[in-house]
Enquirer: 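This structure is in C-alpha cells; I'll ask about it shortly.
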Amino acid sequence: MEVIITITIYLGLAFVFSKLLPVAFYSKYNTDKSLAWIMLLLIPSLLAAFRKGTGTDSLMYMKAYENWNSLNRWQDMESGFIWICNSLKRFHISYQGMFFLMEFLTIFLMLLFIKREKEYIDVRLAGFIICIDFYLNSFNAMRQMLAVSMVLYGFSLFNGKKYISSFIIILCACTFHGSALIGMAIFVAKIIFDNRYSKLMYALCSVTVLYFIFHRNLLGKFVYIITGSNYYASYITRDAESEGSITGYFIKLLPILLFSVIQLKNIIKNNQFKVYYGLMLIGYFFSLLGNITETQVHRAGWYFSYLNIIIMPFCSKYDLTLYGNIILKKKYLTYIIYFYYFVMFIYNFIIKGFSELVPYKGLF
C-alpha cells in the first residue's frame, strides 16, 4: 500500500509541474503567475523537507546538522552549505528546515534555467522530467543537486552572453560541491561545438573522453590538481564491485540517444542546443564508466547529463523522420518520451529502491 501511495504522490507532483509550468511562464495574469510559482516551489520543498532519510548522504546531513561535530566529514563540506546550516541553526530551526531550503533553492534555480530555454522546448515535458528523475535524486545528493541546478542555470546565462554572471554562478556552485568546477567546461565547449568544424570536434572530444575513461588514474590526478581534494578525485579512481553492464546501460539510455541522434539536424541548427547536446553526451560517457565500475564518476557527469531535461523537450518540438516518408508526429513522440521516463521512474523506484516510502516523518 505504501508503494502505491508513494508512486501516486510522485506522479501527482509530476502532473502538477506539467500543468503549472506553462501558467508560471506564459500566463497573461500576474496573479496566476505568482500562485503557480509559489506552488511549484512550496510543494516539492515541503515533500523533501519531511521525507524519511533517503540513502547515506541525507542521513549524514541529518545527523551532522543535529549533532554539529558528530562526523569528521562535516568539517570538509563546502563553505556555502556550512553557511546555510549555521544561519538556520542560529534560529534553532530543525533539520527539516535545512532540507526544505536546500530543495527550495534547487528547484528555484532549475525553474530559472527552464524559463530561459522555454522558447525552444516543451515546458510541460521538461517539468515532468524534473520531477520524475532530477527531483528524486536531490533527496539524497542534496548538496550536489543544488550545485547541478546552479551550473545548468550558469550554462543558460553563458548562452545568453552573460559571461560574467555565468562565471560567478558556477563559482558559487563550487561553494556547495567542489565538483561543480567541471561546469567551467562551458567556456571551452562553446568554442569546440559552436563552429563549422563541430562534427570533427564531437569526434575528437569523444576520443579524448574515452581515453580518460580508460586511463582513470590520470584523470583522477587532474581532478586532484584542480580541486585539491582526494575526496573528489576518488569519484574517478575508486573501484568497487559492480552489477552494471554496458548492455544494460545502453538499453536504458537508448531512447534518449536514438531520438536525439535522429533529431540531430534540428539540434545543430540551434547554436546553444548544439553546445548542450555535446555536453550531455560527455556526461553520459562519465555515467557509462560509473555504471560499469561502480565508481562515483557518474556524479561528475550529472552536470552535463541532466541537460536531457531540455534536450528531450527540444526534440519533442519536431516531427521525427524515421525512414523515407515514415514520419512520427511530434505529438506521438512526446507521448513516447513521457512513457520512457515513467518506465525509468518505476524501474528506479521499485527495482533499484532509490527513494523512501511515505508516510513522511513528521508530516502526518
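This chain uses plain numbering: 1 for the first residue, then up along the sequence. Quantities reported herein were computed from a predicted structural model and do not represent experimental measurements. Computation of the quantities below employed the complete heavy-atom set of this structure, encompassing side-chain atoms and omitting hydrogens, waters and symmetry-equivalent molecules.
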Enquirer: Is any side-chain heavy atom of F100 closer than 4.5 Å to one of L42?
Expert: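 When only atoms from C-beta onward are counted, F100 and L42 do touch, with a gap below 4.5 Å.
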Enquirer: Set out, in order, the CA-CA distance, both residues' side-chain angles and the distance that settles side-chain contact (heavy atoms from CB on, under 4.5 Å) for I336 and F259, then state yes or no.
Expert: CA-CA 10 Å; I336 292 173; F259 293 148; 3.6 Å; yes
Enquirer: So which atom in I186 and which in V275 form the shortest heavy-atom distance, rounded to 0.1 Å?
Expert: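 Of all heavy-atom pairs spanning I186 and V275, the closest is CD1-CG1, 3.8 Å.
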Enquirer: Within the side chain of N159, is there an N or O that forms a donor-acceptor pair under 3.5 Å with the backbone of S156?
Expert: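 No, the answer is negative, given that no donor and acceptor are paired below the 3.5 Å cut-off.
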Enquirer: Between L35 and V23, is there a side-chain heavy-atom distance shorter than 4.5 Å?
Expert: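 In short, these two side chains do not touch, never coming nearer than 4.5 Å.
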Enquirer: Let me see the working for N140 and M145 under side-chain contact (heavy atoms from CB on, under 4.5 Å), right down to the final yes or no.
Expert: CA-CA 9 Å; N140 187 46; M145 297 309 283; over 6 Å; no
Enquirer: Measure across P22 and S18 and return the closest heavy-atom pair with its distance rounded to 0.1 Å.
Expert: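 Result for this residue pair: CD-O, 3.2 Å.
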Enquirer: Within a 6.0 Å radius of atom CZ on R124, are there more than 12 heavy atoms belonging to other residues, nucleotides or ligands?
Expert: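 No.
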Enquirer: For Q263 and Y318, indicate whether the former's side chain and the latter's backbone hold a donor-acceptor pair under 3.5 Å.
Expert: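 Yes; judged by distance alone, with no hydrogens or angles, the pair exists.
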Enquirer: Measuring only between side-chain heavy atoms, which start at C-beta, is F314 closer than 4.5 Å to N270?
Expert: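 Yes - at least one pair of side-chain heavy atoms lies under 4.5 Å apart.
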Enquirer: Check whether any side-chain heavy atom of F345 lies under 4.5 Å from a side-chain heavy atom of L136, and answer yes or no.
Expert: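 Yes. Closest side-chain heavy atoms under 4.5 Å.
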Enquirer: Side-chain polar contacts of residues 127-134 - donor-acceptor pairs under 3.5 angstrom, sequence neighbours left out - could you list them?
Expert:
none

Enquirer: Is it true that M98 and I82 fall in one hydrophobic cluster, defined by side-chain heavy atoms closer than 4.5 Å?
Expert: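 Same cluster: M98 reaches I82 through Ile, Leu, Val, Met, Phe, Trp or Tyr contacts under 4.5 Å.
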Enquirer: Closer than 3.5 angstrom, by distance alone: can the side chain of S27 be matched with the main-chain N or O of A24 as a donor-acceptor pair?
Expert: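 No, because the side chain of S27 does not come within donor-acceptor range (under 3.5 Å) of the backbone of A24.
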Enquirer: To the nearest 0.5 Å, tell me how far L125 CG sits from S316 OG.
Expert: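 Answer for the CG-OG pair, L125 versus S316, is 5.0 Å.
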Enquirer: Centre-to-centre under 6.0 Å for F339 and Y335, is that the case here?
Expert: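 No, the ring of F339 stays outside the 6.0 Å limit from the ring of Y335, centre to centre.
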Enquirer: To the nearest 0.5 Å, what is the distance between CG (L88) and CE (M102)?
Expert: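 The CE atom of M102 is 10.0 Å from CG of L88, to the nearest 0.5 Å.
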Enquirer: Validate the cation-pi geometry between K317 and Y120: distance from NZ or CZ to the six-membered ring centre under 6.0 Å, angle to the ring axis within 45°.
Expert: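 The answer is no; the distance or angle limit is not met.
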Enquirer: Judged by modelled atom types alone, do E103 and S138 share a side-chain donor-acceptor pair under 3.5 Å?
Expert: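 S138 and E103 do have a side-chain donor-acceptor pair below 3.5 Å.
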Enquirer: Are F91 and L105 grouped together when hydrophobic residues (ILVMFWY) are joined by side-chain heavy atoms under 4.5 angstrom apart?
Expert: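 Linked, F91 and L105 end up in one cluster.
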Enquirer: Do other residues, nucleotides or ligands put more than 12 heavy atoms under 6.0 Å from M184 CE?
Expert: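 Counting neighbours around CE of M184, more than 12 heavy atoms of other residues, nucleotides or ligands fall under 6.0 Å, so yes.
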Enquirer: Determine whether the aromatic ring centres of residues Y95 and Y61 are separated by less than 6.0 angstrom.
Expert: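 No: the rings miss the under 6.0 Å criterion.
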Enquirer: OH of Y338 to CE of M312: how many Å apart, nearest 0.5 Å?
Expert: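 If we round to the nearest 0.5 Å, Y338:OH and M312:CE are 12.5 Å apart.
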Enquirer: Using a cut-off of 6.0 Å, state whether more than 12 heavy atoms not belonging to K162 lie near its atom NZ.
Expert: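 Check fails, neighbour count at 12 or below.
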Enquirer: Flag yes if more than 12 heavy atoms outside Y332 fall under 6.0 Å of its OH atom; otherwise flag no.
Expert: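 No, the 6.0 Å shell around OH holds no more than 12 heavy atoms from other groups.
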Enquirer: CG/L101 to OG1/T106 distance, rounded to the nearest 0.5 angstrom?
Expert: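 L101 atom CG to T106 atom OG1 measures 9.0 Å (nearest 0.5 Å).
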Enquirer: Shortest non-hydrogen contact from L307 to F113?
Expert: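 Reported closest heavy-atom pair: CD2-CZ, 3.9 Å.
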Enquirer: Apart from I164 itself, what residues make up its hydrophobic cluster when side-chain heavy atoms of I, L, V, M, F, W and Y under 4.5 Å apart count as a link, directly or indirectly?
Expert: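 Besides I164, the cluster holds I168.
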Enquirer: Is the number of heavy atoms from other residues, nucleotides or ligands under 6.0 Å of F15 CZ greater than 12?
Expert: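 Open.
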Enquirer: Can you tell me how far NZ of K89 sits from OG of S94, rounded to the nearest 0.5 angstrom?
Expert: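 Reported to 0.5 Å precision, the distance equals 9.5 Å.
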Enquirer: Please report whether the ring centroid of Y276 lies less than 6.0 Å from that of F273.
Expert: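 Aromatic pair counts; centres sit under 6.0 Å.
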Enquirer: Can you find a heavy atom in the side chain of K115 that is under 4.5 Å from one in the side chain of L111?
Expert: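 No, side chains not in contact.
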Enquirer: Under the 3.5 angstrom rule, does the side chain of Y135 hit a backbone N or O of P44 as a donor-acceptor pair?
Expert: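 Yes, Y135 side chain to P44 backbone: donor-acceptor pair under 3.5 Å.
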Enquirer: If we only count heavy atoms from C-beta on, is the Y303 to H177 side-chain gap below 4.5 Å?
Expert: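 Yes - at least one pair of side-chain heavy atoms lies under 4.5 Å apart.
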Enquirer: Does some side-chain heavy atom of I346 sit less than 4.5 Å from a side-chain heavy atom of I7?
Expert: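 Contact flag for I7/I346 side chains = yes.
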Enquirer: Testing the basics here: between R143 and F176, what is the closest heavy-atom pair and its distance to 0.1 Å?
Expert: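 Smallest interatomic distance, heavy atoms only, reads NH1-O, 3.0 Å.
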Enquirer: For atom NZ of K330, decide whether the heavy atoms of other residues, nucleotides or ligands shown that lie under 6.0 angstrom number more than 12.
Expert: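 At most 12 heavy atoms, drawn from other residues, nucleotides or ligands, come within 6.0 Å of this atom.
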Enquirer: Below 30° counts as parallel, above 60° as perpendicular, anything between as tilted: where do the rings of F304 and F155 land?
Expert: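 Taking F155 first and then F304, their aromatic rings lie parallel (interplane angle under 30°).
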Enquirer: For S260 versus C315, what's the shortest heavy-atom pair and its separation?
Expert: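 For S260 and C315, the tightest heavy-atom pair comes out as CA-SG, 3.8 Å.
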Enquirer: Would you name the heavy atoms of I121 and A126 that are closest together and state the gap between them?
Expert: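 Looking at all heavy atoms of both residues, the shortest contact is CD1-CB, 4.0 Å.
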Enquirer: Could you tell me whether the side chain of Y277 and the main chain of I311 form a donor-acceptor pair under 3.5 Å?
Expert: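 Judged by distance alone, no pair lies under 3.5 Å.
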Enquirer: Would you sort out whether I93 and S87 count as a side-chain contact (heavy atoms from CB on, under 4.5 Å), showing the intermediate values?
Expert: CA-CA 9 Å; I93 295 173; S87 300; over 6 Å; no
Enquirer: Determine whether V261 and L254 fall in the same hydrophobic cluster, where Ile, Leu, Val, Met, Phe, Trp and Tyr are linked whenever their side-chain heavy atoms lie under 4.5 Å apart.
Expert: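 No, separate clusters.
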Enquirer: Test side-chain contact (heavy atoms from CB on, under 4.5 Å) on I310 and I114; report intermediate values, then the result.
Expert: CA-CA 7 Å; I310 59 168; I114 298 299; 3.6 Å; yes
Enquirer: Any chance you could measure L47, atom CG, to I9, atom CD1, to the nearest 0.5 Å?
Expert: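 L47 atom CG to I9 atom CD1 measures 6.5 Å (nearest 0.5 Å).
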Enquirer: Do the non-hydrogen side-chain atoms of Y65 and F99 ever get within less than 4.5 Å of each other?
Expert: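 When only atoms from C-beta onward are counted, F99 and Y65 do not touch, as no gap falls below 4.5 Å.
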